[in-house]
Amino acid sequence: MGNRVLPDGQEVRGRLHARRQGRGSWLYQVGILVWKDSVDGSAEPAEQRFWVSPAHARPVPDVSYEHVPTRRASGPGSPSQGRAPAWSLQYLPHRPGHPGATLLHVVGCTPSDRTLTLEEALAALQQPRAAACIECDAARSLAPEQTVGRPEPSAPATP
């Protein structure tokens, strides 16, 4: 569990699901319970997950976080260097007016019970309505094997 600090100074207790080292700082994926309308018109609790900076999260005293998945930045001498990344898929269901979609994640970004190999991840991105998650930078994790995304625009012709 962790405390989420809101802009007005209030604190909300939530659950820490993952942490990752970004460019110069850490980000924490936290989940808090909110109420949502259910199909039968009643309200039910639902977890909302999002990534926050250290300014918006703080640890709960006397709680161990050693079980939390942690992704450190790669670099010379870092423990994650040389370790092959793995990916997972999130299926977004079809809703009226919104076709279903598939998001490719680096393992640890969202919960999943199955991991994909590089070949499976690349094949999944070739499917219609498939995209790489921008939160975990799944597209960049596939490089240099293959650049994923829109092709680079060609340079304008000079007269």
Side-chain angles (χ1 to χ4, degrees), residues 1-75 77-118 120-121 124-125 127 129-143 148-150:
M1 297 291 258
N3 288 339
R4 166 82 164 104
V5 183
L6 301 177
D8 64 359
Q10 295 181 63
E11 289 188 15
V12 177
R13 185 161 287 194
R15 179 175 304 274
L16 178 63
H17 290 280
R19 53 190 167 188
R20 70 173 183 227
Q21 191 174 21
R23 296 179 191 109
S25 70
W26 285 86
L27 291 174
Y28 303 97
Q29 185 185 46
V30 297
I32 60 171
L33 284 180
V34 296
W35 291 92
K36 73 172 191 167
D37 292 332
S38 67
V39 176
D40 65 3
S42 63
E44 60 185 25
E47 184 180 56
Q48 264 319 107
R49 290 186 186 189
F50 42 89
W51 289 92
V52 297
S53 69
H56 296 289
R58 68 179 70 154
V60 175
D62 303 319
V63 173
S64 171
Y65 295 100
E66 64 186 29
H67 68 282
V68 176
T70 303
R71 199 171 104 214
R72 299 185 186 281
S74 321
S78 74
S80 63
Q81 187 177 20
R83 187 181 311 156
W87 300 269
S88 65
L89 290 177
Q90 176 186 13
Y91 298 101
L92 305 174
H94 173 78
R95 299 177 304 162
H98 299 282
T102 304
L103 282 178
L104 178 75
H105 297 278
V106 172
V107 165
C109 182
T110 60
S112 178
D113 54 354
R114 181 174 180 269
T115 59
L116 304 175
T117 64
L118 173 63
E120 292 170 323
L125 280 177
Q127 301 303 311
R129 292 184 303 282
C133 174
I134 60 173
E135 290 292 322
C136 63
D137 209 3
R140 190 170 64 158
S141 73
L142 294 167
V148 177
R150 294 190 175 99

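Only a predicted model underlies this, so the values are computations on that prediction, with no experimental measurement involved.
Here Arg19 contributes atom CZ and Trp26 contributes atom CH2; the two are 6.5 Å apart, rounded to the nearest 0.5 Å. Considering CG of Leu33 and CD of Glu44, their distance stands at 11.5 Å, rounded to 0.5 Å. A distance of 9.0 Å separates CZ of Arg129 from NE2 of His94, quoted to the nearest 0.5 Å. Separation of atoms SG (Cys109) and CD (Gln90) is listed at 8.0 Å; rounding is to 0.5 Å. Rounding to the nearest 0.5 Å places CD of Gln127 at 9.5 Å from CG of Leu125. One distance of note links CD of Gln48 with NZ of Lys36; it measures 9.0 Å at 0.5 Å rounding.
When all heavy atoms of Ala86 and Thr115 are compared, the closest pair comes out as CB-CB, 4.2 Å. The shortest heavy-atom contact between Ala132 and Ala139 is CB-N, 3.6 Å. The shortest heavy-atom contact between Val52 and Ala57 is CG2-CB, 3.8 Å. Listed here is the closest heavy atom pair of Gly31 and His17: N-CD2, 3.8 Å. In this structure, Arg13 and Ile32 approach most closely via the heavy-atom pair O-CG2, 4.2 Å.
Looking at Trp87 and Thr117, their side chains never come closer than 4.5 Å, going by heavy atoms from C-beta outward. For the pair Tyr65/Val60, a side-chain contact is recorded, criterion being any heavy-atom separation below 4.5 Å from C-beta on. Arg15 has its side chain out of reach of Gln29: every pair of non-hydrogen atoms, C-beta onward, lies at least 4.5 Å apart. Residues Leu89 and Leu103 fail the side-chain proximity criterion, which asks for heavy atoms closer than 4.5 Å. Here the side chains of Leu142 and Leu104 are in contact, with some heavy-atom distance below 4.5 Å.
Looking at residues two or more places apart in sequence or on another chain, you find no side-chain hydrogen bond (donor to acceptor under 3.5 Å, both in side chains) involving Arg95.
The local environment of CG in Asp40 is crowded, with over 12 non-hydrogen atoms from other residues, nucleotides or ligands closer than 6.0 Å.
For the pair Arg20 and Trp51, the cation sits on the ring face: its NZ or CZ lies under 6.0 Å from the ring centre, inside 45° of the axis.
Ion pairing between Arg114 and Glu120 holds under the 4.0 Å rule for side-chain N and carboxylate O.
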